[in-house]
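What follows is a short report on a single structure.
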Amino acid sequence: MSVWLPSAPCTPRACAGHRGARRAPLPAAVLLTAGCTLTLLGAVCVPAVLLLGPALRDRLIRGWAYAVVRAFGVRVRATGPTADAVRHGADPVRAPVGELVVANHVSWLDIPLVATVFPARMLAKSEIRTWPLLGPLAALGGTLFIERDRLRALPGAVRALAGALASGSRVAVFPQGSTWCGRGDGGRFRHAAFQAAMDAGAAVRPVRIRYRTAEQRPAGAAAFVGEDPLAASLWRVVTAAGLTAEIRVLPLIPAGGEPDRRALARAAQSAVANDSANRPPESVHH
């Protein structure tokens, strides 16, 4: 098995059910249309946005990403000092060397959710490059593509990621390598991306993602796991009323803070897995 293709035990039938209030088909269809339209609009605007300065570009991306998550009917709750600063109009300072943002992976919603706080280049499977419209635009936007089913391609992917970090880019990675439903701690963090961070001398920013129902239970409706078709997942999200996406920004792991990639991966995974769901009320509700 490729290190880029770990398996998860989660399945749509076992993990992606929703218990709670539901939206009627008509308002759900309106949300689905709005979310998809905003997503495509953002993709089409990529060439123009790239012409802007970094601060304005990041601000626009954060606003668009937040609008996409809300358009699908999901509230956003961001916590942590960096999230507080962004909420009050401050932009996270970009270091001369880039930052590797690592998060647990639950859903397709994770991508815009992370971008509400940390606009970043993404690491994506190479198949996306061939998708009509979105593939070329993803490439234009700086997405780093990996051939997940070819182990021999791994060193090249690590070099490309390290080069992006060394050039000052912020790159977001889901190092579990697969989506997990979010009810447990999920799979272990794979080491490759952390090797790239060490090679580039880049800091690592762990981020914890959770989805909750109105009753504060884990929201199975948000999980995009196993062989779940994207269309089915989209419909499940917009028909499940009262969902909240929670993103918690955890303390930075400085460059050189761990002796090797395995220790760095363990430190990031531990930070994400051990972060308590019952924090003091420092939350920022959008």
Side-chain angles (χ1 to χ4, degrees), residues 5-43 64-78 103-117 122 124-125 127-128 131-134 138 148 172 174 176-187 207-248 272 277 285-286:
L5 289 173
S7 61
C10 306
T11 63
R13 180 181 294 274
C15 303
H18 176 66
R19 291 182 296 169
R22 294 181 180 274
R23 291 189 182 90
L26 182 57
V30 171
L31 289 176
L32 180 61
T33 302
C36 291
T37 299
L38 272 173
T39 301
L40 290 173
L41 180 62
W64 166 79
Y66 167 73
V68 167
V69 179
R70 291 294 292 124
F72 282 111
V74 181
R75 295 180 66 196
V76 176
R77 182 185 181 199
N104 59 306
H105 201 10
V106 181
S107 174
W108 49 269
L109 279 164
D110 299 347
I111 298 173
L113 181 61
V114 170
T116 63
V117 180
M122 298 298 302
K125 60 184 181 181
E127 293 89 335
I128 291 178
W131 289 4
L133 180 62
L134 293 180
R148 300 192 304 169
F174 301 109
Q176 289 169 317
S178 180
T179 51
W180 298 69
C181 68
R183 288 188 172 90
D185 292 334
V207 169
R208 171 76 188 201
I209 292 172
R210 292 188 179 97
Y211 296 91
R212 299 290 189 187
T213 65
E215 298 76 24
Q216 294 303 302
R217 293 194 298 263
F224 181 47
V225 293
E227 299 299 321
D228 200 13
L230 179 58
S233 179
L234 287 165
W235 186 247
R236 191 166 56 244
V237 167
V238 296
T239 55
L243 298 188
T244 297
E246 300 178 353
I247 176 168
R248 180 166 182 80
V272 171
H285 291 269
H286 294 257

Can you find a heavy atom in the side chain of [X] that is under 4.5 Å from one in the side chain of [Y]?
X: L109; Y: I209; answer: no
X: Y211; Y: L113; answer: yes
X: C181; Y: V106; answer: no

From [X] atom [atom1] to [Y] atom [atom2], the distance as rounded to the nearest 0.5 Å:
X: R210; Y: E246; atom1: CZ; atom2: CD; result: 6.5 Å
X: T179; Y: N104; atom1: OG1; atom2: CG; result: 11.0 Å
X: F72; Y: L234; atom1: CZ; atom2: CG; result: 5.5 Å

For [X] and [Y], indicate whether the former's side chain and the latter's backbone hold a donor-acceptor pair under 3.5 Å.
X: T239; Y: A28; answer: no
X: R236; Y: A16; answer: yes
X: R23; Y: G73; answer: yes
X: W64; Y: L38; answer: yes
X: D228; Y: F224; answer: no

**Asked** Does R19 CZ have over 12 foreign heavy atoms under 6.0 Å away?
**Response** no

**Message:** Does R75 form a side-chain contact (heavy atoms from CB on, under 4.5 Å) with R70? I'd like the steps, not just the answer.
**Reply:** CA-CA 6 Å; R75 295 180 66 196; R70 291 294 292 124; 3.9 Å; yes

**Request:** If the plane angle is over 60° it's perpendicular, under 30° parallel, otherwise tilted; pick one for H105 and F174.
**Result:** parallel

**Residue pair H18, L243: steps toward the side-chain contact (heavy atoms from CB on, under 4.5 Å) verdict** = CA-CA 10 Å; H18 176 66; L243 298 188; 4.2 Å; yes

**Request:** Specify the closest pair of heavy atoms between V225 and C15, including all atoms of both residues, with the distance to one decimal.
**Result:**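 Shortest heavy-atom separation between V225 and C15 comes out as CG2-CB, 4.5 Å.
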
**Minimum heavy-atom distance A223-S233, with the two atoms named** =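 Closest approach of A223 to S233, heavy atoms only: O-OG, 4.2 Å.
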
